[in-house]
Amino acid sequence: MASVKSWLKFVVHSVLAGYAFLRIKSLLRPTLIILTYHRVLPTKDQHRDSEQPGMVVSPQLFQLHLRTMQRLGATFMHLDDWIALDQEGKPVPKLTVAVTFDDGWRDNYEHAYPILHQQKVPFTIFLVTNAIGQGQAFWPERVMQLVMNHGALTIDRPEFDWLRPHLTGLPLAERPLTREEADRVVSNLKQLDDQSIIAGLETTSLARTDPATDSPRRVILDLNELQEMHASGLAHYGGHTRHHFRLNRLNSTHALMDEIAGCQQDLQALKLQPAKTFCYPNGDISEYGEVLVRQHFHGACTTRSGCNASGCDPFTLKRYNLHDNNSGSARSFLATLGRGLL
Ligand SMILES: [Zn+2]
């Protein structure tokens, strides 16, 4: 049965990869493909163990993706440069690839930048400005660490009140959760707003005496790393809010202003290149949030998969989120591109 399944998967991937190849080779209009990454970690890196599936790519795979796009004849360009040319009605290459990273992880500097530098590939990192230089990861990673690294949690204690309703069917009282189970907790928690989850995590960590779940090293890029990458001319930075709050969950205009206009202000204070692009956390945005993004940036990325034809709305850009599980070979990478082109 397993072999029938893997054979079927092979056939589907081959068909989709062939379709992507043909579509890309016969483009009628100049097209932009945006490749999206989060974390770039070697296969043996311990940070992988408590990271959500769908967030990590190995440096080898990352390199393979770049090489595959090069072989397809792609021109690599900064995302904001493509938007500027296209908006001004100037010619853009037939096939452009913009490499982007979300959140500003330190491993982008450690494991992706050497490859990008060697191959002279421009890229954009969407920064969460309040997190720059911070040791602490975002709430999904903190939740993953909490429920995966703890022994049998004493979840009947009051500091777990906020978490308990989101553990239905999960055996956290008996054993640490697996990565997949922990990822279910993260999905369940998305019913809450980000501030409530962070407040819950604070309560839990204040009550704990075991420091084992605290991250031992800084995981977010700091100013020195941002400056070094910027000095190479390859790195551009964009906005990804101040706190990575989902923007459709914020109910005051003040909070939206703070996350969008405030993020732009913070980026200007870095004194690097003007930050022209934005990326909606979790792909979520409200009507007024989009108005603000249009006021403060020149373009924005969604989480919808697909390509962008010349003349498209630069504030609803599609892209491909790539990770080990959906692009582990050139064939499955192309199949992922093909799926978004259907
Ligand atoms: Zn993000």
Side-chain angles (χ1 to χ4, degrees), residues 34-41 47-48 50-57 62 79 98-109 111-112 123-145 182-183 186-187 189-190 192-195 197-198 201 215 218-222 225-226 235-250 255-256 258-260 262-264 266-267 275 277-286 289-290 292-293 296-297 299-305 315-326:
I34 305 173
L35 307 182
T36 298
Y37 299 91
H38 290 81
R39 308 200 66 176
V40 184
L41 293 168
H47 282 96
R48 279 177 167 263
S50 57
E51 187 50 85
Q52 288 178 275
M55 285 281 288
V56 188
V57 70
F62 177 63
L79 178 60
V99 176
T100 67
F101 299 89
D102 284 11
D103 308 333
W105 295 94
R106 183 185 187 181
D107 52 62
N108 299 170
Y109 169 78
H111 302 296
F123 59 98
T124 301
I125 302 182
F126 294 109
L127 298 169
V128 178
T129 51
N130 207 52
I132 294 170
Q134 299 295 309
Q136 211 157 39
F138 304 103
W139 72 253
E141 285 74 26
R142 293 175 67 190
V143 168
M144 296 282 287
Q145 285 172 7
D183 193 40
V186 171
S187 301
L189 282 170
K190 285 188 178 173
L192 303 178
D193 62 65
D194 301 278
Q195 294 96 320
I197 302 167
I198 292 164
L201 280 165
S215 188
R218 176 171 59 80
V219 292
I220 307 294
L221 289 162
D222 71 9
E225 291 154 351
L226 295 176
H236 278 188
Y237 302 111
H240 198 34
T241 71
R242 270 186 163 157
H243 298 94
H244 207 271
F245 292 158
R246 285 162 292 160
L247 297 171
N248 61 339
R249 303 294 299 244
L250 298 177
L256 269 174
D258 191 52
E259 289 301 318
I260 298 166
C263 173
Q264 174 61 275
D266 295 345
L267 290 164
T277 51
F278 188 81
C279 170
Y280 309 113
N282 208 44
D284 297 325
I285 188 67
S286 63
E290 195 175 327
L292 287 176
V293 171
H296 294 277
F297 294 89
C301 293
T302 66
T303 47
R304 287 196 296 277
S305 286
F315 287 91
T316 54
L317 294 172
K318 295 177 188 164
R319 34 189 213 156
Y320 288 99
N321 182 43
L322 298 160
H323 49 85
D324 287 349
N325 302 341
N326 72 355

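Note that ligands are numbered from 1 as they come in the structure, with each ligand's atoms numbered from 1 the same way.
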Rounded distance [0.5 Å steps], NZ in Lys190 versus CZ in Arg249: 11.0 Å

Any N/O/S atom, backbone or side chain, of His244 lying under 2.8 Å from the Zn ion (ligand 1)? yes

Examine His240 and say whether one of its N/O/S atoms is closer to the Zn ion (ligand 1) than 2.8 Å. yes

Keeping the roles fixed (side chain from Arg39, backbone from Asp107), state whether a donor-acceptor pair exists under 3.5 Å. no

Look at the side chain of Arg319 and the backbone N and O of Thr302, then say whether any donor-acceptor pair between them is shorter than 3.5 Å. yes

Please find out if less than 6.0 Å separates the ring center of Phe245 from that of Trp139. no

Taking 2.8 Å as the cut-off, does Asp103 contribute an N, O or S atom near the Zn ion (ligand 1), distance below it? yes

